[in-house]
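Here is the structure we will look at, set down as structure tokens.
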Amino acid sequence: EDQVTQSPEALRLQEGESSSLNCSYTVSGLRGLFWYRQDPGKGPEFLFTLYSAGEEKEKERLKATLTKKESFLHITAPKPEDSATYLCAVQANTGFQKLVFGTGTRLLVSP
Amino acid sequence: EPEVTQTPSHQVTQMGQEVILRCVPISNHLYFYWYRQILGQKVEFLVSFYNNEISEKSEIFDDQFSVERPDGSNFTLKIRSTKLEDSAMYFCASSEEGSSYNSPLHFGNGTRLTVT
């Protein structure tokens with residue numbers, strides 16, 4: 001069964017304090033790994049797709065990386081507006097219509 | 001930027017009643033999805049829909065659930081006889097292509113369903 005585990009569950013940072021979120025996965029052939037941001041009461045907002053080990057994607061203060069077993073979302077010099085829940089999801093080669101999500105990391109950035 | 005629109009934002013219903021959740025996907029998208037998120041739990045896949053038929057469904061999507069694209073713009077999820085455990089946030093999503101290569105899912109802001 002495809003599984004995604006995210007850590008930590010919650011993370012509190014001071015503005016400017018860089019850190020990383022982890023997403024470990026087991027999947028029967030990875031088609032893609034996705035990072036989404038979710039604000040309270042809203043739907044997931046797409047951030048990145050990663051397809052193969054070694055791939056990296058960047059957007060503003062966020063950088064996502066991928067290995068064969070896990071992905072990291074690095075947040076550099078975060079701002080309070082980066083506060084949100086960050087979700088990781090995988091898509092397998094079989095049943096490729098479906099995303100399997102982790103429970104997310106709740107990030108709070110204090111001024 | 002185009003977005004997925006869901007209505008209503010909050011629906012309260014009594015156990016055993018039927019509900020229809022509505023979604024307007026992004027206009028040039030061809031694949032449509034329903035996911036749900038029970039409070040405090042993971043976002044879970046329910047069903048995907050393409051070319052007017054279900055292309056994949058999860059074990060959660062049993063006979064009490066159905067989906068329909070009644071016209072060229074709307075996509076609906078019907079729950080025939082609601083149970084207390086159906087209380088959740090239901091998200092509609094759409095994508096240009098099904099494989100998601102350069103075609104990520106775009107989610108709406110959800111309908112919060114409360115079954116009493």
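Labels below follow one simple rule: chain letters A, B, ... track the order of the sequence lines, proteins then strands, and each chain is numbered from 1.
- When hydrophobic clusters are built by joining Ile, Leu, Val, Met, Phe, Trp and Tyr residues whose side-chain heavy atoms come closer than 4.5 Å, directly or via intermediates, Phe65(B) is not grouped with Ile20(B).
- Only the backbone of Val4(A) comes within contact range of chain B, judged by heavy atoms closer than 4.5 Å.
- Side-chain contact between Tyr35(B) and Leu99(A): present, with at least one pair of heavy atoms (C-beta onward) separated by less than 4.5 Å.
- Heavy-atom minimum distance, Thr49(A) versus Pro104(B): OG1-CB, 4.5 Å.
- Cluster membership check: Leu87(A) does not share its hydrophobic cluster with Leu107(A), using side-chain heavy-atom separations under 4.5 Å among Ile, Leu, Val, Met, Phe, Trp and Tyr.
- By the criterion of side-chain heavy atoms lying less than 4.5 angstrom apart, applied directly or through intervening Ile, Leu, Val, Met, Phe, Trp or Tyr residues, Met89(B) is not grouped with Trp34(B); the two fall into different hydrophobic clusters.
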Can I get a per-line list of side-chain donor-acceptor pairs under 3.5 Å for residues 36-43 of chain B, giving both atom names and the distance, sequence neighbours left out?
| from | atom 1 | to | atom 2 | distance (Å) |
| --- | --- | --- | --- | --- |
| Arg36(B) | NE | Glu44(B) | OE1 | 3.2 |
| Gln37(B) | OE1 | Gln38(A) | NE2 | 3.2 |
| Gln37(B) | NE2 | Gln41(B) | O | 3.3 |

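- A pairwise comparison of heavy atoms in Pro44(A) and Phe107(B) identifies O-CB, 3.4 Å as the closest pair.
- By the criterion of side-chain heavy atoms lying less than 4.5 angstrom apart, applied directly or through intervening Ile, Leu, Val, Met, Phe, Trp or Tyr residues, Tyr31(B) is not grouped with Val47(B); the two fall into different hydrophobic clusters.
- For chain A, no part of Tyr50(B) is nearby; none of its heavy atoms comes within less than 4.5 Å.
- His106(B) and Phe46(A) have tilted rings, their planes meeting at an angle from 30° to 60° on a 0 to 90° scale.
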